[in-house]
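What follows is a short report on a single structure.
Throughout, numbering of the chain's residues begins at 1 and tracks the sequence.
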Amino acid sequence: MTSTQDAAIPVAATGTHLPAPGSEWWRTAVIYQIYPRSFADANGDGLGDLPGITAHLGALADLGVDAVWLSPFMVSPQNDAGYDVADYCDVDPIFGTLADFDEMLATAHGLGIRVIVDLVPNHSSDQHRWFQEALASAPGSPERARYIFRDGRGEHGDLPPNNWESVFGGPMWDRITEPDGTPGQWYLHIFDSSQPDFDWTNEEVREEFRRILRFWLDRGVDGFRVDVAHGLMKKDGLPDYTPPADGDSMGGEDDDVPYWGQPEVHEIYRDWHEVLAAYDGDRALCAEAWLPTPDKTALWVRPDEMNQAFNFPYAMTDWNAPALRLVISESLRAFSAVGAPSTWVLSNHDVIRHASRLALTGESPQGEGIGPLSVAQPIPELGLRRARAASTVMLALPGSAYVYQGEELGLPEVIDIPDAARQDPTWFRTDHEKYGRDGCRVPIPWTAGSPASGFNDTGAAWLPQPAGWDDYARDVEARDPDSTLSLYRRLLAERRAHGLGSAPFTWIPGHRDDVLAFEVGDVTVIANVGTEPVELPAGSILVSSEPFEGRALPADTAVWLIPA
Ligand code: GLC
């Protein structure tokens, strides 16, 4: 078969990646996502905590990560696992105290690991003091003006102000009862009804978030992962919008979705850029902005805005060589064009773990999750094999890569969580139609044969761990040179040794269409995304996603080669 692959690649993508200037660590960093609820539980209550993180940071230094990002640990009723914040400047007692945070930060810095915290500016919890004040105040009051309250439609105002649907299912509006007991105004919530959206046209909201940024910057954090960074501004007049029937919550590719990516949102990040620039130490902002293309995503990382944006178009690409070539090329081109590094990510706390997602028997339902009755079911061995190959490709790419806790152990999505144990609001808001994201959030295993596989020493776990979790335990994998953990350690060490994060990237022509072949610096990467073996070019194997004999690269396997 002759190669047709080059036709799909924009020429500008080859060799255009900007080198890393100076100390801008975020251009090349491998950033490990800690999901605090499920990482390590020091007090044994079944929910992870900050002292648990501090105690296990050594394992992450050993893995070779440059930074960690912590999902929210601030005061929260935990209706959306902490993405519903009631007090932005304190630690929820279930995770510890501010002193525990300071100790964790100092320990991380002592190990050479930077720390990014999650900031949730689109919405607060309904338990936030401001929302409680809004409920107790009159329509039109300054207290209401911090959120998006509107009168309802219809003669008695009993219809929601527009037709928007919440990302978690159901209407995006809830009606309140006014302090005098009468049916009242409606408030907007893109997510759960317990997560009211702030009104970012209000200067008081903007000033409050500058204060919150400075609070954490003063404590010494290295940056922020900004939750729903594309949602803060809503289109004037809040016009009706109907997403395409087969689309996901991002909307159609060319749609002007009135609550996503409105142009005015960028003023906010230009302002935050200035706030961070006043601090030393190269602090960084990373946008969580679910947008359908790299070009759209790159708008968040123009030189006077954020530093990174998650590359979700890459994360959402199937195990398919032409599609991967296209998204990699498009990403390098689009981010380079604005002087930003591309990021690379395969898993996080909102999507089906890639060890399962990459080998589903049907179409991937992504954020909707999978459970025992889902049409699409993972093929476990194939999924793990592809995940190891996909990570071997990802960790060679120039730019910054994100690793979600447990993917370095090859953890699969947990499918058979008992219904009664499920926690994701998606599960409840869709009347159990969509399983949601619990399957990627199960507490991770540390030591085989211990209570809760070493997550704590009591055996409690906020989501039940499945049978067989011990097989993935870190101590077991640390002893096995062929384990996924050993693979990640090698990938991270060689990525650093060969400077791949800032090395020039070039596709290698002449390979089969179902093969990915590229050079990054002095490393050649070959990934067999097809079904037939591929004869390897010259070079000695530096890292391989699977052990194999000879020079024929098996299906679903990737290697890094260096000159012999
Ligand atoms: C982001 C978070 C997700 C959360 C949502 C609402 O997408 O990653 O976990 O549910 O925002 O805050």
Side-chain angles (χ1 to χ4, degrees), residues 4-5 7-10 13 244 246-250 252-253 290-297 310-332 334 342-348 350-370 374-397 401-404 407 410-413 415 434-435 437 439-440 507 511-518 525-532 534 545-546 553-558:
T4 54
Q5 67 184 37
I9 304 167
D246 58 347
D248 53 31
S249 58
M250 285 191 281
E253 204 164 298
W290 284 90
L291 297 153
T293 63
D295 280 304
K296 289 195 175 178
T297 312
F310 289 114
N311 189 342
F312 291 128
Y314 174 73
M316 295 302 102
T317 302
D318 291 338
W319 186 237
N320 170 301
L324 284 165
R325 264 196 299 278
L326 188 64
V327 73
I328 292 169
S329 295
E330 289 287 289
S331 302
L332 293 174
S342 183
T343 63
W344 310 101
V345 57
L346 289 166
S347 282
N348 65 31
D350 290 328
V351 302
I352 298 167
R353 282 187 175 277
H354 68 283
S356 298
R357 191 182 72 231
L358 296 179
L360 287 173
T361 51
E363 206 167 305
S364 161
Q366 293 306 345
E368 300 179 5
I370 39 176
S374 299
V375 180
Q377 289 293 328
I379 306 167
E381 275 179 21
L382 182 63
L384 179 57
R385 189 176 177 97
R386 287 183 177 169
R388 291 168 56 125
S391 300
T392 301
V393 171
M394 174 179 87
L395 290 167
L397 293 170
Y402 278 80
V403 171
Y404 175 50
E407 73 171 71
L411 291 186
E413 184 84 357
I415 312 293
K434 297 179 182 172
Y435 286 100
R437 304 157 294 176
C440 63
W507 290 112
H511 284 271
R512 247 173 33 202
D513 210 32
D514 57 7
V515 172
L516 294 177
F518 55 89
V525 178
I526 310 284
N528 185 352
V529 188
T531 51
E532 297 302 316
V534 178
S545 66
E546 299 290 337
L553 183 69
D556 300 311
T557 310

Q: State, with a plain yes or no, whether a side-chain heavy atom of P322 is found less than 4.5 Å away from one of D513.
A: yes
Q.
Quick check against the 3.5 Å criterion: does R357 have a side-chain atom that pairs as donor or acceptor with the backbone of P378?
A. no
Q. So, S347 side chain and H354 main chain: donor-acceptor pair closer than 3.5 Å or not?
A. yes
Q | Separation between CG of L326 and OG1 of T317, rounded to the nearest 0.5 Å | A | 8.5 Å
(Q) Treating T557 as the side-chain partner and A555 as the backbone partner, does any N or O pair qualify as donor plus acceptor under 3.5 Å? (A) yes
(Q) Main chain of P554, side chain of N528: is a donor-acceptor contact present, judged purely on distance under 3.5 Å? (A) yes
Q. Rounded to the nearest 0.5 Å, how far apart are OH of Y404 and CG of D350?
A. 8.5 Å
Q | Shortest non-hydrogen contact from A355 toward A387 | A | CA-CB, 3.6 Å
Q: Would you indicate whether the side-chain heavy atoms of Q377 and I370 approach each other to under 4.5 Å?
A: no
(Q) Could you check whether any side-chain N or O of S331 sits under 3.5 Å from a backbone N or O of P294, counting only pairs where one atom can act as donor and the other as acceptor? (A) no
Q: Report yes if some heavy atom in the side chain of L516 is under 4.5 Å from a heavy atom in the side chain of V525; otherwise report no.
A: no
Q: Taking the side chain as every heavy atom from C-beta outward, state whether V327 and M316 have any pair of such atoms under 4.5 Å apart.
A: no
Q) Considering all heavy atoms of both residues, which atom of P313 and which atom of L291 are nearest to each other, and what is their separation? A) CG-O, 3.6 Å
**Q.** Contact check, side chains of Y314 and I328, non-hydrogen atoms, under 4.5 Å
**A.** yes
Q) Do F518 and V393 come close enough that some side-chain heavy atom pair is under 4.5 Å? A) yes
Q | CG on L384 to CG on L411, rounded to 0.5 Å | A | 9.5 Å
**Q.** Donor-acceptor pair, side chain of S545 and main chain of A558, under 3.5 angstrom
**A.** yes
Q | Minimum heavy-atom distance A401-M394, with the two atoms named | A | CB-CE, 4.3 Å
Q) Are any side-chain N or O atoms of R386 and backbone N or O atoms of D556, one a donor and one an acceptor, separated by less than 3.5 Å? A) no
Q: Quick one: closest heavy-atom pair of E413 and R353, and the distance?
A: OE1-N, 2.8 Å
**Q.** Distance-minimising heavy-atom pair for V534 and V515
**A.** CG2-CG2, 3.5 Å
Q.
I'd like to know if the side chain of R325 and the backbone of W507 have a donor-acceptor N/O pair within less than 3.5 Å.
A. no
Q | Plane angle bin for F312 and W290 - parallel if under 30°, tilted between 30 and 60°, otherwise perpendicular | A | parallel
Q.
Using only atom types and a distance under 3.5 Å, with no angle test, would you say the side chain of N311 pairs donor to acceptor with the backbone of T343?
A. yes
Q: Compare every heavy atom of I526 with every heavy atom of A517, then report the nearest pair and how far apart it is.
A: CB-CD1, 3.8 Å
